[in-house]
Amino acid sequence: MTKTKTSFFCQNCGTQYAKWLGQCSSCNEWNTIVEEIIQKEEKRNWKQNNTPKKVNKPLKIDDITIYKEDRIATKNNEFNRVLGGGLVRGSMLLLGGEPGIGKSTLLLQIALDVPKRVLYVSGEESQTQIKMRAERLSSKNNNCLILTETNTQLIFKAIEQVQPELVVIDSIQTLHTDYIDASPGSISQIRETTAELIKFAKETATPVLLIGHITKDGAIAGPKILEHMVDVVLQFEGDRNHTYRILRAQKNRFGSTSELGIYEMQGTGLREVENPSEILISQKDGDYSGTAIAATLEGARPLMIEVQALVSTAVYGTPQRSSTGYDTKRLNMLLAVLEKRAGFKLGAKDVFLNIAGGIRVDDPAIDLAVISAILSSNEDEPIAQNICFAGEIGLAGEVRPVNRIEQRILEAEKLGFERIVVSKFNKINKSNFAIKILRVAKVEDLIANLFA
Ligand code: TYD
Ligand code: MG
């Protein structure tokens, strides 16, 4: 047996130190450095009976064969889409997200759906709790085995018995390995257990899905190296008070990170939302002032969303500006542009802005709809229901072109809009579309078109 080695780690950022310090010099947090045993015994392998090491030979790229069906398509189409076509064999996936957002629900649903032998390991919930959750979900799979365990050596024992084709671990922060004495959730445990699981995944070509907790700033808890080690990092996000959830790839070694999956949390689990535009535009009869529809893109997916604005006379001295789902700084900028370029006296008005459906939008193409909604509320004049907007506003009040305009126009057309307002500077082949395309160069041109 080798000598026990210890080292000091910052629990916040994972930086390693040779001795204890009061403040981490990397992330400047106080009292986060803890001594951890990094190695107790010399040998660690996911298999108990140590098989002789296989030596890998260097190969020419032409000589490497790709095995057929190296992706496992789950029945969850949104999940497949985000992964770029299904789970790659031997890959390691990390799913992060706020507590209660639905991480366990999503992976249990996937585990119950795939027509494969699945081992679902939970360190957070008991078997009965998982059974109760599974009963709410409609899917059934007798090939899905549930195990409550946190010790990786015992998990690997179960794996050797069951021979699963897919392993789900809920969550990496609860796991611990015999070879390290640090407590579960500590930097060295997370790093070590992940390394063991990766070794297992690569050697047996079994995909492993990990759930990871996040810190209060939204990063995945544990060392940054965790994100480097795994092949795919997915983020499950959404507003807990709303039912929509967005699954986004932050890193994907086997596909693009611009794809995105949308789910709705229902009483019976997560429902895939195939046509998100229809649900994000609120159903209404009659015209209301202060709403405008924006043709945005979320990742690579066109999405029509409703922007709602309320402009009212300020009661207190300083007018209030608040927004939900949209950057408040950008809202202030747009209001300043309206004051300066279009002569609207919004300085003494409260302005509230809301993106319907509880989602957050960063796409600058929404600017035109934001301005339209504000003007509509200010004038108390509704905007026609069959018009939508896609354009960015510059500081000079110019309407700037946005990317993938044709995709946005196509989506608008598909959803039955009759007119779309875009920037004059976007190059568009009008003959491709039946929808009427209104091209504006300045905010003033928009105003002339808005209530006509
Ligand atoms: P959960 O998957 O436990 O979240 P996480 O693992 O990310 O912490 O999700 C829990 C929430 O989801 C809980 O607040 C209740 C809700 N939920 C439903 O609305 N419907 C369902 O069918 C299920 C299983 C959960
Ligand atoms: Mg959970």
Side-chain angles (χ1 to χ4, degrees), residues 74-79 82-83 92-114 118-141 144-150 152 155 166-176 184-185 189-190 193-194 197 208-222 226-227 230 232-250 260-274 276 279 357-360:
T74 65
K75 286 212 185 121
N76 202 310
N77 290 329
E78 298 289 301
F79 190 69
V82 176
L83 293 178
M92 187 85 166
L93 179 148
L94 179 65
L95 173 69
E98 300 260 330
I101 205 80
K103 302 180 294 296
S104 309
T105 307
L106 178 66
L107 290 195
L108 182 63
Q109 225 167 315
I110 288 164
L112 292 175
D113 266 346
V114 265
V118 185
L119 183 65
Y120 184 101
V121 185
S122 180
E124 306 207 331
E125 288 159 296
S126 67
Q127 279 162 320
T128 29
Q129 269 175 310
I130 297 167
K131 162 95 182 169
M132 272 154 64
R133 188 197 293 266
E135 272 183 348
R136 295 171 67 178
L137 314 171
S138 46
S139 27
K140 289 269 171 307
N141 178 1
C144 177
L145 300 173
I146 311 287
L147 173 74
T148 43
E149 185 52 69
T150 55
T152 49
I155 292 172
L166 173 69
V167 177
V168 179
I169 307 268
D170 185 4
S171 62
I172 185 70
Q173 278 82 7
T174 57
L175 293 192
H176 64 95
Q189 280 292 7
I190 291 177
T193 48
T194 310
L197 285 166
V208 177
L209 312 183
L210 285 180
I211 289 179
H213 294 169
I214 61 170
T215 61
K216 62 177 190 297
D217 339 299
I220 288 169
L226 185 60
E227 283 161 69
V230 299
V232 180
V233 180
L234 300 183
Q235 194 80 33
F236 206 32
E237 48 194 57
D239 189 332
R240 251 201 295 169
N241 301 322
H242 284 81
T243 54
Y244 299 111
R245 304 278 184 272
I246 293 179
L247 186 68
R248 231 184 262 280
Q250 268 181 7
L260 158 129
I262 300 177
Y263 294 91
E264 186 182 359
M265 181 61 96
Q266 294 183 331
T268 52
L270 291 156
R271 183 183 72 90
E272 295 171 50
V273 177
E274 267 137 42
I279 49 161
I359 59 166
R360 246 208 98 71

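All residue numbers refer to positions in the sequence shown, counting from 1. Each ligand, and each atom within it, is numbered from 1 in the order the structure gives.
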Q: So, does Q250 use its side chain to make a donor-acceptor pair with the main chain of V233 at under 3.5 Å?
A: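 Not a single qualifying donor-acceptor pair exists.
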
Q: Nearest to atom 4 (O) of ligand 1, what protein heavy atom do you find, and at what distance?
A: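 Closest protein heavy atom to atom 4 (O) of ligand 1: G102 N, 3.1 Å.
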
Q: Side chains of E124 and S171: do they bring a donor and an acceptor to under 3.5 Å?
A: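 The criterion, which ignores hydrogens and geometry beyond distance, is satisfied for S171 and E124.
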
Q: Can you tell me the protein heavy atom closest to atom 2 (O) of ligand 1 and the distance?
A: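 Closest protein heavy atom to atom 2 (O) of ligand 1: T105 OG1, 2.6 Å.
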
Q: Looking at ligand 1, would G97 count as a contact under a 4.0 Å heavy-atom criterion?
A: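 False for this residue.
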
Q: With heavy-atom distances below 4.0 Å as the criterion, list the atoms of ligand 1 near T268.
A: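 The atoms of ligand 1 under 4.0 Å from a heavy atom of T268 are 22 (O).
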
Q: Strictly under 2.8 Å, is any N, O or S atom of S171 next to the Mg ion (ligand 2)?
A: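 Coordinating: no.
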
Q: Please check if a non-hydrogen protein atom sits closer than 4.0 Å to atom 18 (C) of ligand 1.
A: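 There is a protein heavy atom less than 4.0 Å from atom 18 (C) of ligand 1.
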
Q: Any idea which protein heavy atom is nearest atom 16 (C) of ligand 1, and the distance to it?
A: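 That would be M265 CE, 3.8 Å.
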
Q: What do the steps show when you test R248 against E237 for salt bridge (charged side-chain N to carboxylate O under 4.0 Å, His left out), and what is the final call?
A: CA-CA 8 Å; R248 231 184 262 280; E237 48 194 57; 2.9 Å; yes

Q: If you define the side chain from C-beta out and look only at heavy atoms, does anything of D170 sit under 4.5 Å from V121?
A: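 No; the side chains remain at least 4.5 Å from each other.
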
Q: For atom 10 (C) of ligand 1, grab the closest protein heavy atom and report residue, atom and distance to one decimal in Å.
A: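 Its nearest protein heavy-atom neighbour is G100 O, 3.9 Å.
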
Q: What residue and heavy atom of the protein are closest to atom 20 (N) of ligand 1, and at what distance?
A: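 The closest heavy atom on the protein side is Q266 O, 2.6 Å.
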
Q: If we only count N/O pairs under 3.5 Å, is L137 in contact with ligand 1?
A: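 No, no N or O pair falls under 3.5 Å.
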
Q: I want to confirm something. Looking only at heavy atoms, which of E135, E98, R133 is nearest to atom 24 (C) of ligand 1?
A: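 Nearest heavy atom to atom 24 (C) of ligand 1 lies in R133.
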
Q: Is a side-chain N or O of K103 found less than 3.5 angstrom from the main chain of G97, in a donor-acceptor match?
A: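 Pair found, side chain donor or acceptor close to backbone of G97.
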
Q: Using the side chain to side chain contact (heavy atoms under 4.5 Å, CB included) rule, take E272 and N76 through it: C-alpha gap first, then chi angles, then the decisive distance, then the call.
A: CA-CA 8 Å; E272 295 171 50; N76 202 310; 3.5 Å; yes

Q: Between R133 and S104, is any pair of side-chain heavy atoms under 4.5 Å apart?
A: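 With C-beta onward as the side chain, the pair touches.
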
Q: Scan side-chain atoms only and decide if D113 and T74 contain a donor-acceptor pair under the 3.5 Å cut-off.
A: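 Note: D113 and T74 side chains miss the donor-acceptor criterion.
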
Q: Measuring from atom 22 (O) of ligand 1, which candidate in A134, G269, P99 has the nearest non-hydrogen atom?
A: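 That would be G269.
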
Q: Below 4.0 Å, non-hydrogen atoms only: which portion of R136 touches ligand 1? Side chain, backbone, both or neither.
A: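 Side chain only.
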
Q: For E98 and H213, test the side chains for any donor-to-acceptor distance below 3.5 angstrom and give the result as yes or no.
A: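 No pair is found: no donor N or O on one side chain lies under 3.5 Å from an acceptor on the other.
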
Q: Among protein heavy atoms, which lies nearest atom 6 (O) of ligand 1, and at what distance?
A: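 Minimum-distance protein heavy atom for atom 6 (O) of ligand 1 reads S104 OG, 2.6 Å.
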
